[in-house]
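These notes are about the structure you will find just below.
Index from 1, following the sequence.
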Amino acid sequence: MPDLPCEERLAAAFVELADTLVSDFDVIHFLHTLSDHCVALLDIEAAGVILATPQGGSMAVAGSDARTRELVQDGVDWDEGPCHDCFKAGELLASVALDLPEAYAAWPRFAPRARDLGFRSVAAVPLRLREQTIGALNLLRGEADALAPQQLGLGRALADIATIGILQQRAVQQQALLAAQLETALQSRIVIEQAKGALAQQQRISVDDAFALLRRHARSRQRLLTAVAQEVLDGTVELFPSESTD
């Protein structure tokens, strides 16, 4: 892709970042792809990404190279750094020279570590759609001067399309999970209804009494109602109306 004209490289990047609705989607690979596109298209030396898990309990981390990934991971562990601040605020963090006292005051561990790795300035862009911020993108330079506004805007566009892709993929996953849960619930209901009918016929009792018997047996033995119903259908358990709750 580096041999293509800039417009074609940009179009190819957008297409790849939007293509998340695949069965073998790998979020870490996707984040590495985002950081690689940033390095290829922007006037930066490296890029790093953090992404909050859907549950919000942890962060996925990626970088355009090993040193950047380790730096971003350190920032997560230290609860400081441009990615951390950008994610928490959900706002763009304009370029900051890492040798300024302000940088050392804000990021007492991150700033000197980044300097030791050869970086001189950093900007950060949120992975955000409307009011939902799911991560942040670090844009690191080997020069102290600020990233040009057009470059920062392009970085934001890449972050935006990546955010949309991730949220679309999560929505599809959630829909698939919900569909599976509904299918399981439907199958459970079918098994229970069949067991009620079979038990009512076997014991010459009403369907309501059969259901009460199933529930009583499951509760007294701390079993799932569906499991007991399946055993009734399989003939591996026999229930009687006189069965007590003990």
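- For the pair E45 and R67, the salt-bridge criterion is met [side-chain N within less than 4.0 Å of a carboxylate O].
- The structure places CD of E80 at 13.5 Å from NZ of K88, a figure rounded to the nearest 0.5 Å.
- Counting heavy atoms from C-beta on, the side chains of C38 and I44 come closer than 4.5 Å.
- The 12-atom threshold is not exceeded at CD of Q201, counting heavy atoms of other residues, nucleotides or ligands nearer than 6.0 Å.
- Using modelled atom types, one finds a donor on one side chain and an acceptor on the other under 3.5 Å when comparing D65 with T68.
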Problem set entry | Verdict with supporting geometry, L147 and L139, side-chain contact (heavy atoms from CB on, under 4.5 Å) | CA-CA 9 Å; L147 191 64; L139 305 174; 3.9 Å; yes
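- Looking at every heavy atom in both residues, A13 comes nearest to L158 through CB-CD2, 4.3 Å.
- Note on R113 versus D74: salt bridge recorded, some NZ/NE/NH1/NH2 to OD/OE distance being below 4.0 Å.
- Here the side chains of L182 and L186 are not in contact, with every heavy-atom distance at 4.5 Å or above.
- Nearest approach of V72 to G48, heavy atoms of both residues: CG2-CA, 3.8 Å.
- With contacts defined as side-chain heavy-atom distances shorter than 4.5 Å, the pair T133/L127 does not qualify.
- Using a 4.0 Å cut-off between a side-chain N of Lys or Arg and a carboxylate O of Asp or Glu, D99 and R120 do not qualify as a salt bridge.
- No side-chain heavy atom of D79 sits under 4.5 Å from any side-chain heavy atom of F110.
- When all heavy atoms of H84 and I50 are compared, the closest pair comes out as N-CD1, 4.4 Å.
- Between atom CG of residue L140 and atom OG of residue S121 there is a gap of 8.0 Å, rounded to the nearest 0.5 Å.
- A 6.0 Å sphere centred on CG of L224 holds no more than 12 heavy atoms belonging to other residues, nucleotides or ligands.
- Nearest heavy atom pair, residue A210 against residue A200, reads CB-N, 3.8 Å.
- Checking side-chain atoms of R128 against main-chain N and O of G90 turns up a donor-acceptor pair under 3.5 Å.
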Exercise. Passes side-chain contact (heavy atoms from CB on, under 4.5 Å), F87 versus L51? Steps please.
Worked result: CA-CA 9 Å; F87 171 68; L51 176 69; over 6 Å; no
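- Cluster membership check: L34 shares its hydrophobic cluster with L92, using side-chain heavy-atom separations under 4.5 Å among Ile, Leu, Val, Met, Phe, Trp and Tyr.
- One hydrophobic cluster holds both F30 and I164 under the rule that ILVMFWY side chains link at heavy-atom gaps under 4.5 Å.
- Judged by distance alone, the side chains of D209 and S206 do bring a donor and an acceptor atom under 3.5 Å apart.
- For the pair A103 and A111, the tightest heavy-atom approach, listed with the atom from each and the gap, is O-CB, 3.8 Å.
- Contact check for L214 versus K196: side-chain heavy atoms found under the 4.5 Å cut-off.
- The minimum heavy-atom distance linking S64 with S35 is given by the pair N-OG, 3.5 Å.
- The hydrophobic clustering, which links ILVMFWY residues whose side-chain heavy atoms are closer than 4.5 Å, places I192 and L213 together.
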Problem set entry | Worked verdict on H37 versus L17 for side-chain contact (heavy atoms from CB on, under 4.5 Å) | CA-CA 9 Å; H37 281 309; L17 292 173; 4.2 Å; yes
Exercise. Are L137 and R156 close enough, and set up right, to give a side-chain contact (heavy atoms from CB on, under 4.5 Å), and what steps lead you there?
Worked result: CA-CA 9 Å; L137 171 64; R156 186 157 203 168; over 6 Å; no
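- I161 and V125 fall within the same hydrophobic cluster, where Ile, Leu, Val, Met, Phe, Trp and Tyr residues are linked whenever their side-chain heavy atoms come under 4.5 Å apart, directly or through other members.
- Side-chain contact check for R223 versus E231: some heavy-atom pair is nearer than 4.5 Å.
- Going from atom CD of Q169 over to atom CG of D26 covers 10.0 Å, rounded to the nearest 0.5 Å.
- A 6.0 Å sphere centred on CZ of R215 holds no more than 12 heavy atoms belonging to other residues, nucleotides or ligands.
- Inter-residue side-chain proximity for R69 and V61 is flagged as met; some heavy-atom pair is nearer than 4.5 Å.
- Distance CZ/R9 to CG/L41: 5.5 Å, rounded to 0.5 Å.
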